[in-house]
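Presented below is the structure to which this report refers.
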Amino acid sequence: MTKTGSSAVTETNPELLQARLEKLRQLEALGIDPWGGRFDNTQPIGDIRRLPAEPFREDQPGPLVRAAGRVLRYRSAGKLLFLELWDQTGRIQLMIRVNKVSEREWQIAQLIDLGDLIGVDGELGKTKTGELTIQVTRLTYLTKSLEPHPKDVFGLEDIEYRLRHRYLDMIYTADTLRRAQQRVLIIRTIRNYLDRLGYMEVETPTLQAIAGGAAARPFITHHNALNIDLYLRIALELYLKRLLVGGLEKVYEIGRVFRNEGISPRHNPEFTMLELYHAYSDYHGMMDLTEGLILACVDALYPSRIIPYGDKMIDFTPPWKRASYAELFREYVGCDMLDEVKVAAAARAEGIDTTGKEHAVLVHELFEDVVEEKLIGPIFVYDYPAPLCPLTKRKRDNPAIAERFELYVHSMELANAYTELNDPITQEQTFSRQLAGLSEDESMARMDRDFIRALRFGMPPAGGLGIGIDRLVMLLTNTQTIRDVILFPLLRPESGPPAPQKPHHET
RNA sequence: GCGCCUGUAGCUCAGCUGGUAGAGCAGCGGCCUUUUAAGCCGUUGGUCGUGGGUUCGAUUCCCACCGGGCGCACCA
């Protein structure tokens with residue numbers, strides 16, 4: 001194995017490894033299988049901690065409990081051992097006394113290393129200092145850990161180390177496990193909420209011949225038997241809309257999408273989207289749904305609807321503020337967004353380069369630079385300038401305005417919804433216009449003729465909603481970086497990667 | 001992709017303007033039957049991310065590369 005002399009990969013200290021291998025041999029010599037086996041009827045440590053417990057007494061044994069988990073602390077006091085046992089529900093102290101276990105078990109206990117997995121039966125009680133403790137009567141080896149574990153009391157500080165050893169991060173950084181559990185709860189809450197409203201959850205293709213539904217660069221892959229390039233999807237939209245044509249009136253998907261773009265504290269190349277469509281509804285219907293859906297998540301996680309994020313508190317008490325794009329623009333930029341002269345002046349004042357830019361583009365750049373940071377929210381911003389939203393139905397009485405809203409919380413776009421365009425003629429023109437305008441990067445927008453054909457058969461008018469699940473989880477778990485709500489975010493390979501195989505497809 | 005910051009023992013960190021590395025914990029050998037980051041005695045452990053340069057001498061200064069972080073760009 002050649003290492004290209006790079007990266008922060010740490011090799012295990014060979015002496016520490018040897019010490020553990022030696023204990024492994026000693027365990028085997030005692031007739032113990034160091035890799036353990038089935039160990040049934042354990043109680044979660046969190047449950048055990050809630051049991052009533054009295055100080056230990058020789059004449060009156062406390063309740064018997066059985067737990068399994070990882071040893072995170074080990075203190076030997078001669079003929080007495082204190083350990084700390086960890087499982088995903090909590091930690092508890094174990095006490096092993098030489099005269100309370102068999103001689104063989106006492107020997108085994110001497111061979112425990114930090115990080116080993118053990119199972120114990122014992123009596124629940126309290127030590128002289130009042131610490132809730134299981135006094136072990138039977139000790140079962142479940143798995144030897146050969147790698148030295150990090151020192152529990154310091155936790156893990158190195159971000160790269162935490163990401164590359166997420167399993168350790170889960171054990172030694174309480175927030176990591178908490179977030180993983182809360183993420184599950186959020187997604188389950190969303191499913192339950194939508195299922196109760198009669199939405200059907202579906203799964204649409206990840207491999208697509210044309211990656212559509214968003215303006216983003218796709219990943220390219222290859223199918224050998226068909227000998228065609230395929231794209232990883234960048235959105236769920238176009239297939240879900242086909243299902244509207246097919247008669248599913250309330251449909252959603254929670255799934256991974258892939259965008260071949262930069263990485264940042266708010267961006268991972270693969271992330272999870274909820275997209276949802278409701279036939280015969282519109283963007284106002286989606287606003288109500290969004291509010292209810294996110295509130296259900298807040299209620300699932302917090303006793304209050306005012307929750308912390310960073311150094312701020314976010315108040316989710318409904319009803320949430322709703323303001324039009326034009327209103328907010330006037331309020332924070334200080335001029336009417338239709339006034340081309342004033343908008344250009346305001347843009348220049350913000351240091352935006354105005355040369356050769358369309359009016360609508362300037363308006364939106366100003367909105368992003370000036371307005372977004374004010375939107376602590378939650379606030380629904382609705383009625384967008386039509387040029388910004390090619391896939392959206394225009395207002396009947398004002399074709400310059402698109403029926404779209406975005407939900408902002410803490411200046412972050414959390415949800416995006418439209419009254420969906422179901423007019424195949426306009427849709428086709430929009431595709432063509434996008435293609436004409438973006439000839440430089442042909443992969444950004446592709447004419448999806450099959451989708452146009454589906455629209456021609458008649459897609460019901462509908463409201464559609466997209467929510468970035470990762471960002472929702474960030475917000476609801478008070479997490480500042482997307483890497484900490486995705487268990488395994490993308491990182492460069494840690495040792496020198498094999499030379500990338502030519503040919504590249506682009507860039 | 002560009003800019004700034006960063007990489008010292010298994011973990012967490014020191015190391016002043018250049019003199020070839022140090023602590024705590026973990027490990028190893030002892031002592032201890034109520035510890036709480038247990039304590040006491042002894043002890044092992046590092047090509048200071050990698051390569052090159054300057055220098056009598058580089059963890060320290062310079063350059064390149066590799067990994068990571070933050071910001072910008074692309075985007076959600």
Side-chain angles (χ1 to χ4, degrees), chain A residues 3-20 22-23 55-56 72-84 91 93-100 106 113-115 125-133 135 145-165 168 172 213-218 234-235 257-275 368 406-408 412-416 441 444 466-472 474 480-483 489 491-497 507:
Chain A
K3 284 201 60 192
T4 48
S6 59
S7 88
V9 193
T10 49
E11 296 293 333
T12 305
N13 181 325
E15 288 180 26
L16 300 181
L17 193 65
Q18 275 310 315
R20 283 167 183 254
E22 175 55 28
K23 287 182 189 158
F56 288 114
L72 295 196
R73 295 193 197 179
Y74 184 100
R75 288 189 290 277
S76 162
K79 300 194 169 56
L80 175 69
L81 267 178
F82 289 102
L83 315 186
E84 199 163 288
R91 297 173 173 221
Q93 175 166 273
L94 308 179
M95 178 166 64
I96 305 179
R97 296 168 70 184
V98 67
N99 59 348
K100 291 283 181 181
W106 181 251
D113 277 311
L114 294 178
K126 287 183 176 172
T127 59
K128 283 178 182 170
T129 53
E131 177 78 17
L132 188 69
T133 299
Q135 184 166 200
S145 167
L146 294 180
E147 290 282 342
H149 281 235
K151 183 56 181 137
D152 167 51
V153 292
F154 302 128
L156 290 177
E157 295 296 328
D158 186 87
I159 292 169
E160 182 179 0
Y161 188 94
R162 290 178 45 217
L163 296 178
R164 291 197 193 278
H165 306 79
L168 294 178
Y172 295 101
R217 291 184 198 197
I234 57 173
V257 300
F258 306 84
R259 298 189 181 178
N260 204 339
E261 273 145 11
I263 297 175
S264 86
R266 292 180 178 194
H267 302 263
N268 193 60
E270 53 180 308
F271 62 102
T272 303
M273 286 271 295
L274 161 68
E275 281 197 33
E368 286 177 334
E406 289 200 303
L407 172 66
Y408 279 86
M412 204 152 51
E413 299 162 40
L414 199 59
N416 192 4
D441 192 342
M444 291 287 276
I467 293 180
I469 296 296
D470 310 279
R471 289 185 175 178
L472 177 65
M474 284 172 68
Q480 314 303 315
T481 165
I482 199 167
R483 288 184 207 93
L491 295 178
R492 284 191 149 88
E494 58 184 353
S495 50
T507 50

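Computed from heavy atoms alone, side chains included, the values below leave out hydrogens, waters and symmetry copies. Below, read A as the first sequence line, B as the second, and so on, with proteins coming before strands; counting in each chain starts at 1.
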5'-most by nearest nucleotide on RNA chain B - Glu406(A) or Leu491(A)
Leu491(A)

Out of G68(B), U34(B), G10(B), whichever nucleotide has its closest atom nearest the side chain of Asn13(A)
G10(B)

When you compare A14(B) with G51(B), how far apart are their P atoms, in angstrom units rounded to a whole number?
25 Å

On the nucleotide G68(B), are OP1 or OP2 found under 4.0 Å from the side-chain N or O atoms that Arg164(A) carries?
yes

Check whether any side-chain nitrogen or oxygen of Arg73(A) sits under 4.0 Å from OP1 or OP2 of A26(B), and answer yes or no.
no

Can you tell me if the side-chain N/O atoms of Arg266(A) get under 4.0 Å from OP1 or OP2 in A76(B)?
no

Distance between P atoms of G24(B) and G39(B) (Å, rounded)
11 Å

Given G10(B), is OP1 or OP2 found less than 4.0 Å from the side-chain N or O atoms of Arg20(A)?
no

Closest to side chain of Lys23(A), choosing from C70(B), G27(B), G69(B)
G27(B)

For G68(B) and Arg492(A) - does any side-chain N or O of the residue sit under 4.0 Å from the phosphate oxygens OP1/OP2?
yes

What distance, rounded to whole Å, do you find between the two C1' atoms, one in C74(B) and one in U6(B)?
25 Å

Using OP1 and OP2 only, check whether a side-chain N or O of Arg75(A) sits under 4.0 Å from A38(B).
yes

